[in-house]
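Encoded as structure tokens, the structure appears first; notes follow it.
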Amino acid sequence: MASRIVRAACPHDCPDTCALLVTVEDGRAIKVAGDPDHPATQGVLCTKVSRYTERTYHPDRLLTPMKRVGRKGEGKFEAISWDEALDTVARRLSGIAARDPQAILPYSYAGTMGLVQGESMAARFFHKLGASLLDRTICASAGATALRYTYGASVGMDIEHVADAKLIVIWGGNPIASNLHFWTRVQEAKRRGATLVAIDPYRSLTAEKCHRHIAPMPGTDAALALAIVHVLIRDDLLDHDYIARHTVGFDALAERARAYSPARAAELCGVDAAEIEWLAALYGNLAVRERQPVAIRLNYGMQRAHGGGQGVRAVACLPSLVGAWRHAAGGLQLSTSGFFPVDNAALQRPDLLPGWPAVPRTINMSTIGDALLGEGLPAGSPKVEALVVYNSNPVAVAPESGKVAAGFGREDLFTVVLEQFRTDTADYADILLPATTQLEHVDVHKAYGHTYFLANNQAIAPQGQALPNTEIFRRLAARMGFTDPCFADSDEAIAAQAILPGDARAQGIDWETLKARGWQKLNLPAAPFAEGGFPTASGKCEFYSEAMRRDGLDPLPGYVAPYEAPSSAPELAARYPLAMISPPARNFLNSTFVNVDSLRATEGEPHLDIHPDDAAARHIADGAMVRAFNDRGSLMARARVTDRARRGLVVGLSIWWKKLAPDGKNANELTSQRLTDMGRAPVFYDCLVEVEPAERVAA
Ligand SMILES: Nc1nc2c(c(=O)[nH]1)N[C@H]1C(S)=C(S)[C@@H](COP(=O)(O)OP(=O)(O)OC[C@H]3O[C@@H](n4cnc5c(=O)[nH]c(N)nc54)[C@H](O)[C@@H]3O)O[C@H]1N2
Ligand SMILES: Nc1nc2c(c(=O)[nH]1)N[C@H]1C(S)=C(S)[C@@H](COP(=O)(O)OP(=O)(O)OC[C@H]3O[C@@H](n4cnc5c(=O)[nH]c(N)nc54)[C@H](O)[C@@H]3O)O[C@H]1N2
Ligand code: SF4
Ligand SMILES: [Mo]
């Protein structure tokens, strides 16, 4: 039997970006394993991707182009040929473009993180067309904006060294579920004597395994971090030399932090002042008095509220105050993506835009519901007449789902969806196009939790008539008469353009070496900011940001209350007293894998975790069906009465496919389309609800 091993990369939106070894026998992938030699992967994959063949050969894979024959959303389709599908799409888009190309909107996110199957040929196509631009904010842009103002880019410590840290603070993340390979290193650090602290409103799988768990109310992290700053300064637990040489605005920060005593922060966050004092003393003493490495793994869970950006900024100041960056095992990581020299201009070709450097209007993906319903568009701005969705499942993942579904349901909207499966979004397509999976196409990957470039070599032939995104847009471009040479680039040629030439960080790395070796690490110092050198305008860590002031923002870290909290919205809180968060379930990846039966079986059914006191007050028994609701919508779930959820909080692990939930709904029925303080990002975890037993609904 002809057996071979193909070097590949996990495409999913996960900081770990694992190196894969795919065993192929007689043209069929029989095993997907982690590369034991890749230091970030260490031969281990999560449960989801170790079952990647189950997903690839899933009986529900879309294998032919289809056209809708039922109502929008109903999911009735009929197979058609590629020619008919592409001719229809080209004809409809050309007709709309002849009136105003801005009436066409691409909608995509990180179904694959690949630089080739993501925004390369697709971006070229929409740029050439002059379509509206999409503001890709749905996940990380609040935190990314905060990091840009503070450190200059999405950069931080290399967690490959974290096993040597003496204190690891896991802040707003649940790595056992969503950053597994970091967690492996954390356990090694624990064996070596490190103290682990989780800061999370929920006692997550990770929080329960830490030495200490501090549970603030969602969206209050800035107050907590500023109180730590307050204590560090009050008790002189500071690296004065690092502050003097590598930071900007210490005095202004000190002045600001004076207002955040532990007592005040305790009240804002709903924690004990003693917990804040304890953490600040441990962090400061270890770093400054004992000169030991202290690390913060900040994650995106804490930036999904109104003050999400300011929260990240406040936490991001901490390592510079105590000089934690001096050690390879110290500092902070939210993301490493800013280290990667990627040639976006070559991949995406914004210069193809008809009026370049003028750009068409931009529509925020986080408010797609409103945009499709014509709300919030500038006066005179054309309505969206065509939507082309790829690498995303907005009907399930975008906030305020009722409006999103209403928008997708518009009869006068022409919708094209490129998908591997018939997702909630696919059900609204006029034309549904079958896309390849990672085993069936070529790609190149950067990462946001480590510093390796990876190659994804094609392991097997496309299933059925599926095509890579690139090929679909290549064929569409030809039909639209786009003759620029870049539309003829093969996927290998695009992959070869991804890495910015001449950048020292990528010296010795190109597509040829990468595809042969599978992965290559960037050339970076082990402790990237030991001697400062932040990529800000000042070259320093900016506690005070002149750029923020210029942009009309508070130039110092500060506390911005959630939109939906008793302090900021007392009337709303009287009707809807519980804060709801909907963070990732371990066996799903956003809404991907929900349709893999074995993984969905492990998650069971949509649950809502509620504290015993909050449950008792509502006569909710463990295991009872409940209805969670607010002015935006409602949702049924099975209650788990548990003190994993702190008082005042309910937790619905996500993101379920709506059509695989008993009531056809998921958590986004309740979330709002409001945006964060910076970065125009959604506020999924800034959401008040009330919960009642479902019998009452029936009665
Ligand atoms: N298995 C799995 N892995 C994933 C994903 C997935 O869906 N499933 N999604 C991927 C994606 S797209 C992303 S962006 C990352 C997300 O990665 P993380 O940001 O690490 O996200 P979570 O694992 O959801 O961790 C979020 C934690 O933050 C907590 N949290 C919620 N609100 C707050 C708050 O206001 N303050 C604080 N301190 N904590 C809060 C939640 O209770 C939860 O335990 O994970 C990626 N990895
Ligand atoms: N309530 C709530 N909502 C959330 C979140 C939350 O924590 N709570 N998290 C938010 C976050 S952090 C994120 S990042 C977003 C994620 O939102 P999305 O990026 O939309 O992620 P997925 O739901 O995984 O959907 C990706 C889709 O892309 C498809 N896909 C994968 N590869 C390819 C390919 O090569 N070609 C094509 N054409 N399709 C492909 C998959 O089949 C899948 O259906 O959701 C956000 N929504
Ligand atoms: S989802 Fe994350 S942990 Fe799982 S294989 Fe992919 S990169 Fe690795
Ligand atoms: Mo995300």
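The basis for the numbers below is simple: all heavy atoms, side chains too, and nothing from hydrogens, waters or symmetry mates. Indexing begins at 1, ligand by ligand and atom by atom, following the structure's order.
- Counting heavy atoms from C-beta on, the side chains of Phe473 and Ser120 never come closer than 4.5 Å.
- Distances from ligand 1 to the non-hydrogen atoms of Ala305 include no value under 4.0 Å.
- Asn364 and Thr137 form a side-chain donor-acceptor contact under 3.5 Å, judged by distance and modelled atom types alone.
- Counting heavy atoms closer than 4.0 Å to ligand 1, residue Asp13 contributes atoms from both its backbone and its side chain.
- Of the polar atoms of Ala435, none of the N or O atoms is found under 3.5 Å from an N or O of ligand 2, judged by distance alone.
- Proximity of Asn469 to ligand 2, defined as any heavy-atom pair under 4.0 Å, is confined to the side chain (atoms from C-beta onward).
- Looking at ligand 2, you'll find an N or O of Ala110 within less than 3.5 Å of one of its N or O atoms.
- Using a 4.0 Å cut-off to heavy atoms of Ala585, the atoms of ligand 1 that qualify are 1 (N), 2 (C), 8 (N).
- Of the protein's heavy atoms, Thr592 OG1, 2.5 Å lies nearest to atom 24 (O) of ligand 2.
- Residues His441 and Thr436 have side chains that bring a donor and an acceptor to within less than 3.5 angstrom of each other.
- Contact of the Trp183 side chain with the Lys209 side chain is registered, since non-hydrogen atoms from C-beta on lie closer than 4.5 Å.
- Atoms of ligand 2 found under 4.0 Å from any heavy atom of Tyr109, numbered from 1 in the order shown, are 14 (S), 19 (O).
- His38 has its ring centre no less than 6.0 Å from the ring centre of His181.
- Residues Asp686 and Arg674 are not paired through a salt bridge, judged by the lack of any N-O separation under 4.0 Å between the basic side chain and the carboxylate.
- A cation-pi contact links Arg297 to Phe182, judged by a cut-off of 6.0 Å to the six-membered ring centre and 45° from its axis.
- For Val6, the side-chain contact (heavy atoms from CB on, under 4.5 Å) partners two or more places apart in sequence, or in a different chain, are Arg4, Val22, Val24, Asn457, Ala459.
- Residue Pro218 places no N or O, backbone or side chain, under 3.5 Å from any N or O of ligand 1.
- The shortest N or O to N or O distance between Leu418 and ligand 2 is under 3.5 Å.
- The protein atom (non-hydrogen) at minimum distance from atom 30 (N) of ligand 2 is Gln420 OE1, 3.7 Å.
- Counting heavy atoms closer than 4.0 Å to ligand 2, residue Gln303 contributes nothing at all.
- At a cut-off of 3.5 Å, with distance as the only test, no side-chain donor of Gln187 or Thr184 sits close to an acceptor on the other residue.
- At least one N or O atom of Glu419, backbone or side chain, sits closer than 3.5 Å to an N or O atom of ligand 2.
- Scanning the protein heavy atoms around atom 6 (C) of ligand 2, the nearest turns out to be Ser582 O, 3.4 Å.
- Of the N and O atoms on the side chains of Glu119 and Ser108, at least one donor lies less than 3.5 Å from an acceptor on the other residue.
- If you check which protein heavy atom lies closest to atom 38 (N) of ligand 1, you get Asp221 OD1, 2.7 Å.
- In this structure, atom 18 (P) of ligand 2 lies nearest to the protein heavy atom Ser392 OG, 3.9 Å.
- Considering only non-hydrogen protein atoms, atom 9 (N) of ligand 2 sits nearest to Ile655 CD1, 3.9 Å.
- By the 4.5 Å heavy-atom criterion applied to side chains, Ile655 and Asn666 are counted as neighbours.
- Residues passing the side-chain hydrogen bond (donor to acceptor under 3.5 Å, both in side chains) test with Asp60, sequence neighbours excluded: none.
- In this structure, Arg474 pairs ionically with Glu471, as a charged nitrogen and a carboxylate oxygen lie closer than 4.0 Å.
- Of the protein's heavy atoms, Val397 O, 2.9 Å lies nearest to atom 47 (N) of ligand 2.
- For Arg304, the heavy-atom gap to ligand 1 drops under 4.0 angstrom.
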*Test log, rule side-chain contact (heavy atoms from CB on, under 4.5 Å), inputs Leu62 and Arg422*: CA-CA 7 Å; Leu62 291 173; Arg422 243 193 51 218; 4.0 Å; yes

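- Protein contacts to atom 4 (Fe) of ligand 3 involving N, O or S atoms at a distance below 2.8 Å are Cys46 SG.
- By the side-chain contact (heavy atoms from CB on, under 4.5 Å) test, Pro584 pairs with Tyr685, sequence neighbours left out.
- With hydrogens and angles left out, the side-chain atoms of Thr470 and Asp491 include a donor and acceptor closer than 3.5 Å.
- In terms of protein heavy atoms, atom 15 (C) of ligand 1 is closest to Tyr448 OH, 4.2 Å.
- Inspection of the Thr206 and Asn174 side chains reveals an N or O donor paired with an N or O acceptor under 3.5 Å.
- In the vicinity of Thr423, heavy-atom distances shorter than 4.0 Å reach the ligand 2 atoms 44 (O).
- Contact atoms of ligand 3 toward His181: 3 (S), 8 (Fe) (distance under 4.0 Å to a heavy atom of the residue).
- By heavy-atom distance, the residue among Tyr202, Phe588, Trp171 lying nearest atom 2 (C) of ligand 1 is Phe588.
- The closest side-chain heavy-atom distance from Tyr109 to Asp13 is below 4.5 Å.
- Counting heavy atoms closer than 4.0 Å to ligand 1, residue Ser654 contributes nothing at all.
- At under 3.5 Å, a nitrogen or oxygen of Ser591, whether backbone or side chain, sits near a nitrogen or oxygen of ligand 2.
- Each of the following atoms of ligand 2 lies closer than 4.0 Å to a heavy atom of Cys139: 12 (S), 14 (S).
- Regarding atom 10 (C) of ligand 2, its nearest protein heavy-atom neighbour is Phe684 CE1, 3.6 Å.
- Residue Asn391 approaches ligand 2 through these ligand atoms, each under 4.0 Å from one of its heavy atoms: 19 (O), 26 (C), 27 (C), 28 (O), 33 (C), 34 (C), 35 (O), 36 (N), 37 (C), 38 (N), 39 (N), 40 (C).
- Atom CG in Asn595 sits 10.0 Å away from atom CD in Glu54 (nearest 0.5 Å).
- Side-chain N/O atoms of Glu603 and Asn587 include a donor and acceptor closer than 3.5 Å.
- Close approach of ligand 1 to Gly219 (heavy-atom distance below 4.0 Å) involves ligand atoms 34 (C), 35 (O).
- Counting heavy atoms from C-beta on, the side chains of Arg632 and Lys403 never come closer than 4.5 Å.
- Close contacts of ligand 2 with Leu589, meaning ligand atoms under 4.0 Å from a residue heavy atom, involve 24 (O).
- Within the 4.0 Å heavy-atom criterion, the part of His441 lying near ligand 2 is the side chain and not the backbone.
- Considering only non-hydrogen protein atoms, atom 7 (O) of ligand 2 sits nearest to Tyr685 OH, 2.7 Å.
- Of all atoms in ligand 2, listed by their number and element, those nearer than 4.0 Å to a heavy atom of Arg55 are 41 (C), 42 (O).
- Between Tyr448 and Phe340, a ring centre-to-centre spacing not shorter than 6.0 Å is recorded.
- In the model, Asn393 has a side-chain atom that pairs as donor or acceptor with a side-chain atom of Thr425 under 3.5 Å.
- Note on ligand 1: Gly311 sits outside its first shell, no heavy atom being nearer than 4.0 Å.
- Residue contacts with ligand 2 include Thr436, since one of its heavy atoms falls under 4.0 Å from the ligand.
- Ligand 1 lies within reach of Asn590, whose nearest heavy atom is under 4.0 Å from it.
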